Amino acid sequence: MTTTADTAERAWRVAAAPRRLPLVGHALSMGRRPLEFLGSLPELGDLVELRIGSRPAFLPCHPELVQRVLLNARVYDTGGPVKEKARPILGNGLITSDWSDHRRQRRLVQPAFHKARIAAYAEVMQEECAAHAASWEAGQPVDVSDAMQGLTARVTARALFSTEMAPDAVVEIQRSLPVMVRGAYRRAVDPTGLLARLPLAANREFDRALGRLHALIDGIISGYRQAAEDRGDLLSALLNARDEDGSRLSDQEVHDQVMTLLLAGVETTASALTWAWHLLAGHPEVAARLHAEVDEVLDGRTPTYADIPRLKYTQRVFTETLRLYPPAWMFTRAVTEDTELGGHRLPAGTDVLISPYVIHRTPGLFADPETFEPDRWLPERAAEVARGAYLPFGAGSRKCIGDVFGMTEATLALAALASRWRLLPMPGHEVRAHAGMSLTTGPLPMIPEPR
Ligand code: HEM
């Protein structure tokens, strides 16, 4: 290990990850057990070098170094092989755009997530959560992972499109999106780039799902352009957005943003909600306090947007779930020009890995980091959390644009379902974290018990 001084105020520990293999570097450890492997690195240093194949990559393990990366989006741009593979799927939207174009795109998309708009989307969330709560049957096992995917796909589709085509869109999105997410991840982690070109059934299914989603979105956009009215939904906001010079997003750009929102917004929120049910089942004392809060605030009603400020414990439960199981467990940046981080020179082209999962579980940043403890988010305790130590939504100019949308949706879903149901674990079913496109439980059968 080398110790280098970056600034006068502190010496950073820079280390190399052990057990690097010829040719593949640490790709096998990353492929097989990424959470354990990455989680073992912070004790080595504040900045740890590893190799994915022949590519050098760095993992900042100290929140201050993470902040330096995320707050300098020009030097640490989104990039690397993952972004290149996402482009054919997502086009040029918020996730895939370079720094130079991203600022314009963000200005144009941001109004769609304005507070007043979120209040309108919350009505869709409220309806869907109530319908979902009514759909379960006592004692009939539910795959909670599937159920949460279905719920967030319906909410996002209806928040995007309030058109008369919405029911068709919901069905198509529920059918195609999981195929897309699986295929996109397989492509992202395939170092050869060959997988997508093989004549496999999974590739044909992926191509068909992608084709159907593209056609659906194109059809809806052209219908909206003809009607030329603001329907209060996300798509209207994207179509009506004007930049400072009066320019707007082209139809292709709107299309790419819609694909991006679907891919970024559905699985993330669903995975975190699924983890929340799993954690609640294992922590009856937390579940009891959640139930007490929803009973007091709602008294059997369906929760609405106006209830959210009073659902404080519900929000703490979700905030803590995002700490232990951040859906975006890792994301990447590529260095655009030679630079220095933690006193270490990073040449242009180096990949930087940011892992909220690793940071959130680092001892010293959180007391008992492995313990599920929603009250660590009581305002007076939350104020003590170091800057940059909690980043489920990232940080800086590329911070999640849907953070408030996702928090609102999750709070309403937890409250609506917990006010009617308790979800019991299925005996004998073991839960393990799967680090894919997002951090999931895999199938999670649970048994709903009426409260
Ligand atoms: C609990 C739920 C969610 C989590 C944990 C989450 C997490 C994240 C993270 C970590 C990033 C930053 C990635 C990076 O810096 O490279 C991000 C970006 C993004 N998220 Fe989310 N997200 C969630 C929900 C949503 C929702 C509901 C939507 C849309 C409806 C959404 C849309 C996006 C978009 C478009 C970006 C790219 C933003 C940009 O680069 O300007 N996300 N998300």
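Keep in mind the model is a prediction, meaning the values are calculated, not measured. When a ligand or atom number is given, it counts from 1 through the structure's own listing order. When a residue number appears, it is its place in the shown sequence, counting from 1.
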Y390 ring center near W377 ring center (under 6.0 Å): yes

Residue-ligand contact P392/ligand 1, heavy atom below 4.0 Å: yes

With a 4.0 Å cut-off on heavy atoms, is P327 in contact with ligand 1? yes

With a 4.0 Å cut-off on heavy atoms, is H102 in contact with ligand 1? yes

Ligand 1-proximal atoms of R106, by part, heavy-atom distance under 4.0 Å: side chain

For atom 21 (Fe) of ligand 1, which protein N/O/S atoms fall under 2.8 Å? Skip waters. C400 SG

How close do G232 and Y121 get, counting heavy atoms only, and between which atoms? O-CE2, 3.7 Å

Can you find an N/O atom of K399 closer than 3.5 Å to an N/O atom of ligand 1? no

Presence of salt bridge, R381 and E384, under 4.0 angstrom: no

Is NZ or CZ of R231 both nearer than 6.0 Å to the six-membered ring centre of Y224 and within 45° of the ring axis? yes

Establish, for the pair R398 and F331, whether the NZ or CZ atom is under 6.0 angstrom from the six-membered ring centre and no further than 45 degrees off its axis. no

Answer yes or no: does an N/O atom from T269 fall short of 3.5 Å to an N/O atom of ligand 1? no

Looking at R175 and D168, does any basic side-chain N land under 4.0 Å from a carboxylate oxygen? no

Counting both backbone and side chain atoms, is some N or O of R333 under 3.5 Å from an N or O of ligand 1? yes

E172, E128, E409 screened by salt bridge (Lys or Arg N to Asp or Glu O under 4.0 Å) with R154, the one that passes: E128

Between R117 and D230 (salt bridge meaning N to carboxylate O under 4.0 Å), is one present in this structure? yes

W275-Y325 aromatic ring centre distance below 6.0 Å: yes

Any heavy atom of I95 closer to ligand 1 than 4.0 angstrom? yes

Cation-aromatic face contact R323/F366, 6.0 Å, 45 degrees: yes

